[in-house]
A.B. asks: 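The following block contains the structure, expressed as structure tokens.
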Amino acid sequence: MRIALIHALRHSPPPIEAAFARLWPEARLMNLLDDSLSADLAREGSLTPAMTERFLTLARYALGTGADGILFTCSAFGPCIEAVQREFSQIPVLKPNEAMIEEAASAGTRIGLLASFAPALDSMPREFPASITLRTQVADGALDALNRGDGAAHDRLAAEASKALAECDAIALAQFSLASAAPLVAAATGKRVLTTPDSAVRKLRGLLRA
């Protein structure tokens, strides 16, 4: 199976590739990266029709290479990805967080959502079922640390921020780039921690092996 991974942050490929290596090593991966998307969203402050068209263009290219499924890895672009899902319904097209949200819904009724890229919290909470009581938290400075190449500081800041979510039943990490912090977040909170890469790989493998 050929899986197209489409990224808007340059930190996203390593964690999803690691998840595939653990959970579905037979899958053949291709990476498409446009990190100007996240920069443009931060500058514009909201999604635009032009951004949606860029997502559709990336998906058309991926399908043209023979992709059997598409996984987007940036959670701040939900409506853009939904447009891709409508146009390419013949193959699995996953939002980065949808599989994790499904797993979170079975983990309890109080879910903590931790992000390091604040725009991810603009659209992602609406994707959770109404039965979930969601508490959100931003790990300030974590993404900046990752951009400087300081992964240890990134993980430490994420773990520190996660303590505000310690009363939740489980903690969901909103971005692929946060997956590396999962062990420290679990240690800081004592809670089950869900990551988008592992959840997404499990769902894709199930859909394409059914």
A.B. asks: Is the closest side-chain heavy-atom distance between Leu47 and Thr52 below 4.5 Å?
C.D. replies: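 Of all side-chain heavy-atom pairs linking Thr52 with Leu47, none is under 4.5 Å.
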
A.B. asks: To check you understand the geometry: which heavy-atom pair defines the closest contact between Ala67 and Ala4, and what is its length?
C.D. replies: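 Looking at all heavy atoms of both residues, the closest pair is CB-CB, 4.0 Å.
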
A.B. asks: Can you confirm whether Leu178 sits close enough to Phe117 that some side-chain heavy atom of one is under 4.5 Å from a side-chain heavy atom of the other?
C.D. replies: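 Not touching, per the 4.5 Å side-chain cut-off.
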
A.B. asks: Counting only heavy atoms not in Arg135 (residues, nucleotides, ligands), do more than 12 fall under 6.0 Å from its CZ?
C.D. replies: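 Atom CZ in Arg135 is not packed in, count stays at 12 or less.
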
A.B. asks: Before you tell me yes or no, could you show the steps for Glu103 and Lys203 under salt bridge (charged side-chain N to carboxylate O under 4.0 Å, His left out), namely the whole-Å CA-CA distance, both residues' side-chain angles and the distance that decides it to 0.1 Å?
C.D. replies: CA-CA 10 Å; Glu103 293 186 354; Lys203 179 165 184 174; over 6 Å; no

A.B. asks: Tell me whether Leu194 is reachable from Leu121 by hopping between hydrophobic residues (I, L, V, M, F, W, Y) whose side-chain heavy atoms are closer than 4.5 Å.
C.D. replies: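 In one cluster: yes.
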
A.B. asks: Does Leu71 share a hydrophobic cluster with Leu32, counting links as ILVMFWY side-chain heavy atoms below 4.5 Å and allowing steps through other members?
C.D. replies: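 No, Leu71 does not connect to Leu32 through the hydrophobic network.
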
A.B. asks: Taking ring-ring contact (aromatic ring centres under 6.0 Å, His included) as the definition, give me every residue that meets it alongside Phe176, ordered by chain and number, with sequence neighbours left out.
C.D. replies: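 Phe176 satisfies ring-ring contact (aromatic ring centres under 6.0 Å, His included) with no residue once adjacent residues are dropped.
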
A.B. asks: Distance check, rounded to the nearest 0.5 Å: Lys191 atom NZ versus Ser162 atom OG?
C.D. replies: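 So the gap between those two atoms works out to 11.5 Å.
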
A.B. asks: Measure the shortest side-chain to side-chain distance between Ser46 and Asp122 over non-hydrogen atoms and say whether it is less than 4.5 angstrom.
C.D. replies: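 In short, these two side chains do not touch, never coming nearer than 4.5 Å.
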
A.B. asks: Side chains of Ser116 and Gln175: do they bring a donor and an acceptor to under 3.5 Å?
C.D. replies: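 Looking only at side-chain atoms, Gln175 and Ser116 do form a donor-acceptor pair, the distance falling under 3.5 Å.
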
A.B. asks: Mind checking whether Leu37 and Leu41 have side chains closer than 4.5 Å, heavy atoms only?
C.D. replies: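 No, side chains not in contact.
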
A.B. asks: Using the rule that two of Ile, Leu, Val, Met, Phe, Trp, Tyr join whenever any of their side-chain heavy atoms come within less than 4.5 Å, decide whether Ile101 and Ile171 are in one cluster.
C.D. replies: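 In one cluster: no.
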
A.B. asks: Answer yes or no: does atom CD of Glu167 have more than 12 heavy-atom neighbours from other residues, nucleotides or ligands under 6.0 Å?
C.D. replies: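 It does not: Glu167 CD has 12 such atoms or fewer within range.
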
A.B. asks: Is there a donor-acceptor contact under 3.5 Å linking the side chains of Asn147 and His154?
C.D. replies: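 Judged by distance alone, the side chains do not pair up.
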
A.B. asks: Does any part of the side chain of Leu29, heavy atoms only, come nearer than 4.5 Å to the side chain of Ile16, both counted from C-beta?
C.D. replies: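 No, too far: nothing below the 4.5 Å cut-off.
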
A.B. asks: Side chains of Ile3 and Leu5: does their closest heavy-atom pair fall under 4.5 Å?
C.D. replies: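 SC-SC contact between Ile3 and Leu5 confirmed.
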
A.B. asks: Spell out, yes or no, whether Leu143 and Leu157 are grouped together once hydrophobic residues are joined by side-chain heavy atoms under 4.5 Å, including indirect joins.
C.D. replies: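 No, Leu143 does not connect to Leu157 through the hydrophobic network.
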
A.B. asks: Report the C-alpha separation of Phe72 and Phe77 in whole Å, then their side-chain angles, then the decisive distance to 0.1 Å, and conclude whether the ring pair (Phe, Tyr, Trp, His ring centres under 6.0 Å) test is met.
C.D. replies: CA-CA 9 Å; Phe72 289 93; Phe77 296 89; 9.2 Å; no

A.B. asks: Can you find a heavy atom in the side chain of Arg209 that is under 4.5 Å from one in the side chain of Met1?
C.D. replies: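 Arg209 vs Met1: side chains apart.
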
A.B. asks: Hydrophobic clusters here meaning ILVMFWY residues chained together by side-chain heavy-atom distances under 4.5 Å, can you tell me if Leu33 and Ile6 are in one?
C.D. replies: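 Each belongs to a different hydrophobic cluster.
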
A.B. asks: Do Asp35 and Leu9 make a side-chain contact, defined as non-hydrogen atoms from C-beta onward lying under 4.5 Å apart?
C.D. replies: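 No, too far: nothing below the 4.5 Å cut-off.
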
A.B. asks: Please assess Arg2 against Asp68 for the test salt bridge (charged side-chain N to carboxylate O under 4.0 Å, His left out), listing each intermediate value before the final yes or no.
C.D. replies: CA-CA 5 Å; Arg2 184 182 182 94; Asp68 298 294; over 6 Å; no

